[in-house]
Amino acid sequence: MTTQERTEAERYQPQDVERRWQERWAESGLYRIPDHVPGRENWYALTMFPYTSGDLHIGHWFAMAPSDALARYRRMRGHNVLFPIGFDAFGLPAENAAIKGGSKHPMDWTMANIDRMRGQLKRMGAMFDWEREVNTSAPEYYRWTQWWFLQLYKMGLAYRAEAAANWCPFDQTVLANEQVVDGKCERCDTPVVQRLMEQWFLRTTHYAEELLDNEGLDWPEHVKLMQRNWIGRSEGAEVSFALEAPTEDGTDEIRVFTTRPDTLCGVTFMVLAPEHPLVRQLTTPDRREAVEAYLDAAARATEIERQSTERPKTGVFTGAYCVNRLTGDRVQIWTADYVLYTYGTGAVMGVPAHDQRDFDLAREYDIPVKVVIAPAGWDGADLEAAYTEPGTMVHSGQFDGLPSEQAKKAITDYLEGQGWGRARVVYRLRDWLVSRQRYWGAPIPMVYCDECGIVPVPESELPVALPYDVEFKPTGESPLARSDEFVNVACPSCSGPARRETDTMDTFMCSSWYFMRYPDARNEAMPVSSEAATAWLPVDQYTGGAEHATMHLLYARFFYKAARDAGIVPGDEPFTRYFAQGQILGPDGRRMSKSRGNVVAPDGQVERWGADTFRAYLMFLGPWEQGGPYDVDGIVGVSRWLHRVWSLVTAPPELVDAPEDEGSQALLRAAHRTLERVTDDLERYRMNTMVSALMELTNAMQRQRESGATDRRAWEETVRLLALMLGPACPHLAEELWSRNGGAYSVHEQAWPMPDPALLREERIEIPVQVNGRVRDRVLVAADASEEAVRAAALASERVAEHLEGREVARVVYVPGRLLNIVLK
RNA sequence: GCCGGGGUGGCGGAACGGCAGACGCAGCGGACUUAAACUCCGCGGCCGCAAGGCGUGAGGGUUCGAGUCCCUCCCCCGGUACCA
């Protein structure tokens, strides 16, 4: 067939192909997944659901299309694969849109976005089971988020405590961290302060040990490591220091946590976090002004600034003293912002000789430095920096001479015997603050009654529904607090007048259990039945961005453990396998954003190139876990390739019965080698090299077609394998080619083929020959050639011989089947 | 700052410790075409006529052999608990 004839043949028209098959798939219910299919094991594949921001972003495609490919591959491997989708629909942007735009209600804004995004998602051609769609802002969903909150409360995992929030004094409202820019309110530039208020917490620390133990999870090591560091387990001691003068409310001690009880005798000062309630109680009148000024300044610093080791240490003396019970030393009490109130006891002992931060502060303010652990060979001179290594105890009374590692236990035991302290483990992980002073979230189902106190809303009264008519303007209270209709309620316990909790829940609550809902998305009696839970949970394969490594993924693990303890879900972990995909960037290599003007809309790409091309390009452009820039010019290469695929299948070479034809057999071998590579790449989430391998195969087909008549069986087998291998990445085109070749509907229900080992074997292989590690020639030998044979072939090479001339061979390194290296003396 | 990841041709990237640059984009040359587009064939790390030399962020180390392992440093990206 000539080029001209081929151009007259039917062209590949992706829009047409994709529309037809999407309709057929929907009509035939190809992606409606029952809970059980005889002979097929269930596989739960999950991609993180999108936040309802308005339009599907390229990032969503980058997350979902490869995930869909993996799900389709699993299906072809014989599983009954659930691949659901939904919407993370509560959150700040909806409320901001209402405040800024002024016209759109968060619910209307969100619902309109969902409608638009659903349409965009459908053009992706993913195997989503739309029957199971969830929307976290729908009362049918959030009633169960509220139900979970009640279960956690019953289990003692929810409690109220004071916590600080960003407060804008002008707008009289709480700000999210991202609304604070350079310490100021993004709306009005007013300096933001920290304000304490009563809020709800979930006791994530209850599961700290279990969350720490993530070794068994089939997750990326770096994500597991980040989680372990985030949880941050530290062993040490809690130590009580006696206040010289008790406070008005009778407090007579300061409790500190230290990982270095061995340095206790080296304490020369005490530091309280600025938020510590004792600071104001202890400050002496002459220090009042300085301390208040310091606390004001500290309330404006971010935690990141406060923990910087580069920023000069600051602090202020409160004027008060306490006593180191072990030594009887009188110790100054300071407050300094490098001490965090949220960690340990919010107070630390200052041991400048053996802690660098304490050393820095002591230097800054001329506080004495007392060495209690001698470095090897120490001559008693002043230290230039804190000595933080182990050593021998000195200036520590009865503990002198002990190795410091032993002294940790000895001192802790002694303190415990005296009632002055105890061994303790603390975590960097904090309990989860779930209260949000906002409208667009699931209301916390609690009622405050003057008679009965805190009363949970009875489960039968769920959902506590969000009222539609509310005022969004920032006014000092959350919108719900201004809704009389919402706030005023009869106490569920005594029926007297009571007030509803007006805070809503962190949206991470909604996303911590959505994957438990998909298995039973329409259940009105329970969040999930035990039948559906055992059919699908835990998730076999979760995929999503690494930016969720420590928050969403840790919250979800916490939630699952609580759900397990409530007897609702099987297993201990929500996600058996997790893969962290990278982030797609703008063509300029920076994060896509409207303000940078580097946003590429996926809709435009789909319209211009078709969904299959766009999908394959996203998989092709780099390793999935790395992400990278989206180059709008590169996609044409994938488009050309798929047109070529189309042409090869619809306009084959002359097909003859020629099983002996060398070119045809080489093509068949190439097809089976490709199958082996593609299978391996899919198992390892390497969709970029999978596409490359498929391109190489089509290049080989092209060469074969140009070379003339081809053995029918070899060609047809190659085409059959190609259609099957295209299934995961390019589901529409694969279906079309499969059907045109007489394959039974649907290609997506076919079994994944296995390569024929006989066709994978090579007869002759090329071995590079190095001299002193540099390649000088390559020799062709039998695949099973012995080392001697390879050596002989190498020495027979003229090019090798040139480099050996007049030199003596020191050794020869042979890597079987890979390489020969001749090392000269 | 701290925690995690990354840095390879003009660009995206490939490479069980073993031939650096597969597969593409862009570019160049050619075929087809009245012409352009499409398509197809060929050439492309750098220096050099060649032989050869030099090349994977910088510097050191281990090894017969390092993009890959170890140490120090630089730069970029993600997270840092109220963006999701």
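Reminder, nothing fancy here: chain letters follow the sequence lines and each chain counts from 1.
For the pair A:E547 CD and B:C77 P, the computed distance is 15 Å after rounding to whole Å. For the pair A:W230 CH2 and B:G79 P, the computed distance is 11 Å after rounding to whole Å.
Across all strands shown, A:I304 has heavy atoms under 4.0 Å from base atoms, whether or not it also approaches the sugar-phosphate. Within 4.0 Å of A:H548, counting heavy atoms only, lies at least one base atom of the nucleic acid. A:V813 comes within 4.0 angstrom of a base, heavy atoms only.
Nucleotide B:G9 carries a syn base; the chi torsion (O4'-C1'-N9-C4 or O4'-C1'-N1-C2) is within 90° of 0.
Taking the six-membered ring for Trp and the full ring otherwise, A:Y51 and A:F87 have centroids separated by 6.0 Å or more.
A close approach under 4.0 Å does not occur between any side-chain nitrogen or oxygen of A:R703 and OP1 or OP2 of B:C41. Close to B:A22, at under 4.0 Å from its OP1 or OP2, lies no side-chain N or O of A:R686. In terms of phosphate contacts, A:R644 brings a side-chain nitrogen or oxygen within less than 4.0 Å of OP1 or OP2 of B:C40. Residue A:N688 places no side-chain N or O under 4.0 Å from the OP1 or OP2 atom of B:G12. Within the 4.0 Å cut-off from OP1 or OP2 of B:G65, not a single side-chain nitrogen or oxygen of A:N772 is found. Note on A:R311: every side-chain N or O is 4.0 Å or more away from OP1 and OP2 of B:G1. Not one side-chain nitrogen or oxygen of A:R705 sits closer than 4.0 Å to the OP1 or OP2 atom of B:C40. Listed pair A:R774 / B:C54 meets the phosphate criterion, a side-chain N or O lying under 4.0 Å from OP1 or OP2. Taking 4.0 angstrom as the limit, A:R436 places none of its side-chain polar atoms (N or O) nearer than this to OP1 or OP2 of B:A84. For B:U39, the OP1/OP2 oxygens have a side-chain nitrogen or oxygen of A:R640 closer than 4.0 Å.
If you check B:G27 for Watson-Crick or wobble pairing at under 3.5 angstrom, you find it paired to B:C43. Pair assignment for B:A58: B:U72, on the basis of Watson-Crick or G-U wobble contacts that are both within less than 3.5 Å.
Considering only the side chain of A:R591, B:G79 comes nearest among B:C40, B:G79, B:C25. Side-chain proximity of A:F620 to B:A14, B:A84, B:G24: nearest is B:G24. The side chain of A:P93 has B:C83 as its nearest neighbour among B:C83, B:A14, B:C41. In this structure, the nucleotide among B:G24, B:C16, B:G5 sitting nearest to the side chain of A:V815 is B:C16. Checking B:C83, B:G5, B:A84 against every side-chain atom of A:Y51, the shortest atom distance belongs to B:A84. Looking at the side chain of A:V636, the nearest of the listed nucleotides B:C83, B:G53, B:A26 is B:A26.
Separation of the P atoms belonging to B:C3 and B:U72 is 13 Å when rounded to the nearest angstrom. When the P atom is used for both B:G44 and B:G24, the distance is 15 Å, rounded to whole Å. Remark: the separation of the P atoms in B:U68 and B:A58 is 11 Å, to the nearest Å. When the P atom is used for both B:A66 and B:U56, the distance is 11 Å, rounded to whole Å. Rounded to whole Å, the P atom of B:A14 lies 30 Å from the corresponding atom of B:C64. On the P atoms, B:A81 is 38 Å away from B:G59, given to the nearest whole Å. Comparing the same atom, C1', in B:C25 and in B:U34 gives a spacing of 31 Å after rounding to whole Å. Between B:G53 and B:G61, the distance separating the two C1' atoms is 24 Å to the nearest Å.
Between the side chain of A:R428 and the backbone N or O of A:W230 there is at least one donor-acceptor pair closer than 3.5 Å.
With values rounded to the nearest 0.5 angstrom, A:S639 atom OG is found 8.0 Å from A:Y12 atom OH.
No salt bridge links A:D503 with A:R160; every basic N to acidic carboxylate O contact stays at or beyond 4.0 Å. Salt-bridge formation is not detected for the pair A:E364/A:K313: no Lys NZ or Arg NE/NH1/NH2 atom is positioned less than 4.0 Å from an Asp or Glu carboxylate oxygen. Taking 4.0 Å as the cut-off between side-chain N and carboxylate O, A:D588 and A:R590 count as a salt-bridged pair. Using a 4.0 Å cut-off between charged side-chain N and carboxylate O, A:R677 and A:E696 make a salt bridge.
Under 3.5 Å, the side chain of A:N821 and the base of B:C64 form at least one donor-acceptor pair of N or O atoms.
With respect to A:Y617, the ring pair (Phe, Tyr, Trp, His ring centres under 6.0 Å) criterion is satisfied by exactly one of A:F62, A:W609, A:Y630: A:Y630.
Of the residues near RNA chain B, A:N699 and A:R811, the one whose nearest nucleotide (by heavy atom distance) lies more toward the 5' end is A:N699. Mapping A:E802 and A:T507 onto RNA chain B by nearest heavy atom places A:E802 closer to the 5' end of the strand.
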